[in-house]
Amino acid sequence: MIGHLAKAGMSMTADASEADVVIVNTCSFIDASKHEALEAIYEMSDGKATARKKGQKLIVAGCMSQRYQGALPVVEGAKGRVELPKVDAFIGLDQVTNIVPVIHKVMGGEAGMTEFLAKTTTFIPDFDTPRFRLTPRHSAYIKIAEGCNHPCTFCIIPRIRGRHRSRTVESVVKEARQLVAEA
Ligand code: SF4
């Protein structure tokens with residue numbers, strides 16, 4: 001997602017009070033991560049921790065949006081159902097590559113809160129997917145597969161991340177070579 005923002009020439013800041021758009025990227029796997037995601041959404045929506053910039057938009061991305069898409073803005077928190085505060089748009093896992101047009105639409109005030117959600121997810125990045133490294137020069141993550149086909153009853157991953165799919169060996173090797181060349 002950051003790779004797409006950088007490619008479009010958008011600047012990023014760690015200071016939320018400077019941002020035209022705040023994106024909270026959520027996890028929804030275990031209770032602790034859900035709690036952390038909910039705290040971040042509340043903090044960014046009511047400006048407790050930071051003064052919000054006038055007209056600032058809030059986008060919630062990631063697994064929490066994907067998992068609770070049918071019920072949003074209500075989600076199942078660690079202590080039961082909670083209604084999220086005002087969010088301008090939720091985006092699902094397959095919409096990360098569309099983050100730039102999503103932002104333009106949200107900034108224009110034309111976006112529906114849940115219009116950027118799809119029931120299932122099939123996305124997996126390729127060697128030419130824009131990326132912006134957040135790790136030190138000597139290390140980088142490469143995603144080689146996504147999703148899961150197993151039905152373990154205690155695990156929500158298959159329902160959030162979709163059916164298992166793998167990248168080709170050629171694609172992974174090409175990305176590894178690119179990362180080495182950039183290091
Ligand atoms: S193998 Fe089971 S525990 Fe592991 S991700 Fe798949 S469903 Fe979850």
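Since we're looking at a predicted model, the values are computed, not measured. Ligands are counted one by one from 1 in listed order, and the atoms in each one are counted from 1 as well.
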Got the closest protein heavy atom to atom 8 (Fe) of ligand 1, with its distance? Cys155 SG, 2.3 Å
Check: Glu76 main-chain N/O paired with Lys34 side-chain donor or acceptor under 3.5 Å: yes
Candidates Arg137, Arg177, Arg133 - the one meeting side-chain contact (heavy atoms from CB on, under 4.5 Å) with Glu182: Arg133
Within the 4.0 Å heavy-atom shell around Cys148, which atoms of ligand 1 are there? 1 (S), 5 (S), 6 (Fe), 7 (S)
Please find out if atom 2 (Fe) of ligand 1 and some N, O or S atom of Cys152 are separated by less than 2.8 Å. yes
Verify atom 4 (Fe) of ligand 1: protein non-hydrogen atom under 4.0 angstrom away: no
Answer yes or no: is there a donor N or O on one side and an acceptor on the other, between the side chain of Arg167 and the main chain of Lys143, under 3.5 Å? yes
Number the atoms of ligand 1 from 1 as they appear, then name those within less than 4.0 Å of a heavy atom of Phe154, with their elements. 3 (S)
Does Pro158 approach ligand 1 within less than 4.0 angstrom via side chain, backbone, both or neither, non-hydrogen atoms only? side chain
Shortest non-hydrogen contact between Thr121 and Gly162, atoms and distance: CG2-N, 3.6 Å
Does one side chain, of Asp15 or Ser17, offer a donor that lies under 3.5 Å from an acceptor on the other? yes
